[in-house]
There are 2 protein chains.
Amino acid sequence: MKTDNSGAQETSRTKENETKGKILIAAKKIFSEYPYHTASIRMIGHAAGINHPLVAYYFSSKATLFEEVLADVCEEYYKASINWFDEISQMKASSGFRLYIERIMEFTQKHPEAVRILLLNMVQSKESDAIPCYQMLQKLYERVIPLFLKTTSAKAEYHKIEMFHHNFNTLIANYLGAGAYYAGILGVDPHGPEYQRWVRENLVSLFQPLLKRLILGVNHDPG
Amino acid sequence: MKTDNSGAQETSRTKENETKGKILIAAKKIFSEYPYHTASIRMIGHAAGINHPLVAYYFSSKATLFEEVLADVCEEYYKASINWFDEISQMKASSGFRLYIERIMEFTQKHPEAVRILLLNMVQSKESDAIPCYQMLQKLYERVIPLFLKTTSAKAEYHKIEMFHHNFNTLIANYLGAGAYYAGILGVDPHGPEYQRWVRENLVSLFQPLLKRLILGVNHDPG
DNA sequence: AAGAAATTTTAACGTACGTTAAAATAAATA
DNA sequence: TATTTATTTTAACGTACGTTAAAATTTCTT
């Protein structure tokens, strides 16, 4: 049995946690490579180096495993976000924004799972066969808005800030999560510095001016 | 046999074309609801009201059928684009852009297939199990850039115009193709006028100022 | 109307899926 | 050490997949 985790023996839980951990790591990898309905327990078992029915011993179903992975990567992303905003809180808007983009790009290169899982499962087919925990995907970026508000003390109406946020996160998610698509069009290597530079320059030049106006609360474009 | 289509009898091809047409319509629907590897010949057969092996009688493989559907929707989109640019060619930039967005939104509401197929298959898992005709997806929007250049006589460097184009098309594809995701976050109906208004207002306010500068060839933000 | 050709149906192939059950092994307890 | 418990392996279930082959049916040609 794997219930009853209350205190006492520590060594006894080692084996279980080891295997469960291996499964979670493998599942994170597979679910960030294939959409939920294409990713399979067998792939995950193979990636974890175990027999696939062992997955069922630790997770009651595929949906449960997916939920746990999703909660993991969302939390990981949220905690990183807190750090980024903390780091730029004393900087001026323009340089702070540049650094924020730098951080989010570094992070996504190291931990592409959140953004990939989002892109792979965002487009729903039918309500009936929706992926588990769809709301968690919807909250992935949404939770960051309060951090933005607190750090920047932006004066613009919430409506405008929300738009900015969706635009920025949608673009960065696509450019970093579907790099092969865009880099292919641009004719560069999706993992090379050229593409990274393109994404950075693009996002900065598009959003930097807008961000300034959001923070000041200026309504219209001055051009 | 279904080869030998050379002239002469017209009536003899009726039945074949009818069924083939039904399959193409059904395939377009299914491929725009499910990613390539999740969509199935059986689903398509069911949607077309025929036995699924009959699909194999008209299309040599699932990949071939997908390619034909993809070529169809891409051509449909490209032809529509020509009309939009034609319509706005004599207008001033700001009102022309508004109308362009209006047209692209109308079109996508009526023909969501291109944008949905793009979003559903854009994120590649492995080169090994890539979806067929991935390049066609990559060319979907790219082909429109020359139309933009010709119509607007934009003065900015190609690099900047290309960025604008990817940003605009990525956002509109996501907002229109994954409406359930964003409308869910915003708390509105993805098919209602509220959401449509949000997308329109958002895109216009983000890209309108930038477009003006692209056409004039001004390099930096005046804010 | 008879025969040939095109179209549709039925049946089946090998493979993969998520999940369950039971057997086999490893670890902990007494 | 004996035995109970936890973990892992093996085998199997029912279902769905793309594709092929062979029958059955419809349509066209003569």
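Side chains included, hydrogens not; waters and symmetry mates left out as well; all remaining heavy atoms used. It should be emphasised that the depicted structure is a prediction, and the values quoted were computed from it without experimental measurement. In the text below, chain A, chain B and the rest are named by the order of the sequence lines, each starting its count at 1.
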Grab the CD-C1' distance between A/Glu18 and C/dA27 for me, whole Å please.
-> 14 Å
Interatomic distance where NE2 belongs to A/His46 and P belongs to C/dC17 [whole Å] = 11 Å
Atom NE2 in A/His46, atom CD1 in A/Ile41: separation rounded to 0.5 Å?
-> 15.0 Å
Could you tell me whether the side chain of B/His52 has a donor or acceptor atom within less than 3.5 Å of a complementary atom in the base of D/dT19?
-> yes
Which nucleotide, C/dT19, D/dC17, D/dA21, lies nearest any side-chain atom of B/Pro53?
-> D/dA21
Nearest whole angstrom, please: distance from the P of D/dT19 to the CZ of B/Phe66.
-> 14 Å
For atom CD1 of B/Ile23 and atom P of D/dG18, their distance in whole Å = 14 Å
For the side chain of B/Lys62, counting heavy atoms from C-beta on, which of D/dT19, D/dT10, D/dT20 is nearest?
-> D/dT19
Roughly how many Å is it from NZ in B/Lys20 to P in C/dT8, rounded to a whole number?
-> 13 Å
Using only heavy-atom distances, determine whether the side chains of B/Asn167 and A/Tyr175 contain a donor-acceptor pair under 3.5 Å.
-> yes
Indicate whether any N or O donor in one side chain lies under 3.5 Å from an N or O acceptor in the other, for A/Tyr182 and B/Thr170.
-> yes
Any idea which of D/dT10, D/dT7, D/dC17 is nearest the A/Tyr58 side chain?
-> D/dT7
Might you point out which heavy atoms bring A/Ser32 and A/Ile117 nearest each other, and give the distance in Å?
-> CA-CG1, 3.8 Å
Lys/Arg-Asp/Glu bridge criterion (N-O < 4.0 Å) met for B/Glu33, B/Arg116 = no
For B/Phe59 and C/dT7, what is the distance between atoms CZ and P respectively, to the nearest whole Å?
-> 13 Å
For B/Ala63, answer base if it contacts any base atom (sugar-phosphate contacts may also be present), sugar-phosphate if it contacts only those atoms, and nothing otherwise; contact means non-hydrogen atoms under 4.0 Å.
-> nothing
Check every atom of C/dT19, C/dA12, C/dT7 against the side chain of B/Arg42 and return the nucleotide holding the closest atom.
-> C/dA12
To the nearest Å, how far apart are A/Leu54 CG and C/dT19 P?
-> 14 Å
Using atom CD1 of A/Ile44 as one end and atom P of C/dT19 as the other, report the distance to the nearest whole Å.
-> 11 Å
Could you check which of C/dT19, D/dT20, D/dG18 has an atom nearest any side-chain atom of A/Ser61?
-> C/dT19
Within the pair B/Ser40 and D/dA16, is there a side-chain N or O less than 4.0 Å away from OP1 or OP2?
-> no
For B/Tyr57 and D/dT19, is the shortest distance between a side-chain N/O and OP1 or OP2 below 4.0 Å?
-> no
On DNA chain D, more 5' by nearest nucleotide between A/Ile50 and B/Thr38 is A/Ile50
